[in-house]
Amino acid sequence: MPWHQTYDPLHNAFLSTLVAAAPVVALLGMIASGKVAIHRAAVVALVLAIGCACLVFGMPWQAACMSAVNGAAYGLLPI
């Protein structure tokens, strides 16, 4: 299933950039607060990233989930 990535889905570069940055900002904010365990903050940021990719940027959920699996495998099993 082909998917063509849209870099500006909101037709406003600033808003599209804010949405794309939301998972990273959320992750760092939760870690900096010290109230959330790091592994829980990572899971929340992952869910937020998949949600942004699928709902805002139009990425198919299968591709988003497989990219998460690929990233986890790459992090856990480095070459």
Side-chain angles (χ1 to χ4, degrees):
M1 141 175 72
W3 172 61
H4 300 287
Q5 184 174 359
T6 304
Y7 292 104
D8 190 12
L10 301 176
H11 306 293
N12 183 325
F14 182 72
L15 290 178
S16 296
T17 302
L18 284 179
V19 170
V24 176
V25 171
L27 174 67
L28 295 177
M30 285 185 282
I31 291 173
S33 74
K35 297 178 181 178
V36 181
I38 293 174
H39 64 281
R40 292 185 196 273
V43 170
V44 169
L46 175 64
V47 171
L48 185 59
I50 290 174
C52 287
C54 295
L55 298 176
V56 178
F57 288 89
M59 185 177 197
W61 67 271
Q62 297 96 337
C65 292
M66 286 309 298
S67 68
V69 169
N70 186 19
Y74 185 77
L76 293 173
L77 306 169
I79 296 176

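Start at 1 with the first residue, then count along the sequence.
- Considering all non-hydrogen atoms of both residues, W3 and G58 come closest at NE1-O, 2.9 Å.
- Residues passing the side-chain contact (heavy atoms from CB on, under 4.5 Å) test with A45 are L27, sequence neighbours excluded.
- The hydrophobic cluster containing L10 also contains F57, counting ILVMFWY residues as joined when their side-chain heavy atoms lie under 4.5 angstrom apart, directly or transitively.
- Closest approach of L48 and A26 over heavy atoms only: CD2-CB, 3.8 Å.
- Among residues at least two apart or in separate chains, there is no side-chain hydrogen bond (donor to acceptor under 3.5 Å, both in side chains) pair with a member in residues 32-54.
- With sequence neighbours excluded, the residues satisfying side-chain contact (heavy atoms from CB on, under 4.5 Å) with L46 are I50, A68.
- Residues V19 and L15 share a hydrophobic cluster, clusters being chains of Ile/Leu/Val/Met/Phe/Trp/Tyr side chains in contact below 4.5 Å.
- Listed by chain and residue number, N12, L18 satisfy the side-chain contact (heavy atoms from CB on, under 4.5 Å) test with F14 (two or more places apart in sequence, or in another chain).
- Residues satisfying the side-chain contact (heavy atoms from CB on, under 4.5 Å) criterion with A72, sequence neighbours excluded, are absent altogether.
- For the pair G75 and P78, the tightest heavy-atom approach, listed with the atom from each and the gap, is O-CD, 3.9 Å.
- Screening residues 15-26 for side-chain hydrogen bond (donor to acceptor under 3.5 Å, both in side chains) gives D8-S16 as the qualifying pairs, with residues at least two apart or on separate chains.
- For the pair A41 and I31, the tightest heavy-atom approach, listed with the atom from each and the gap, is CB-CG1, 4.3 Å.
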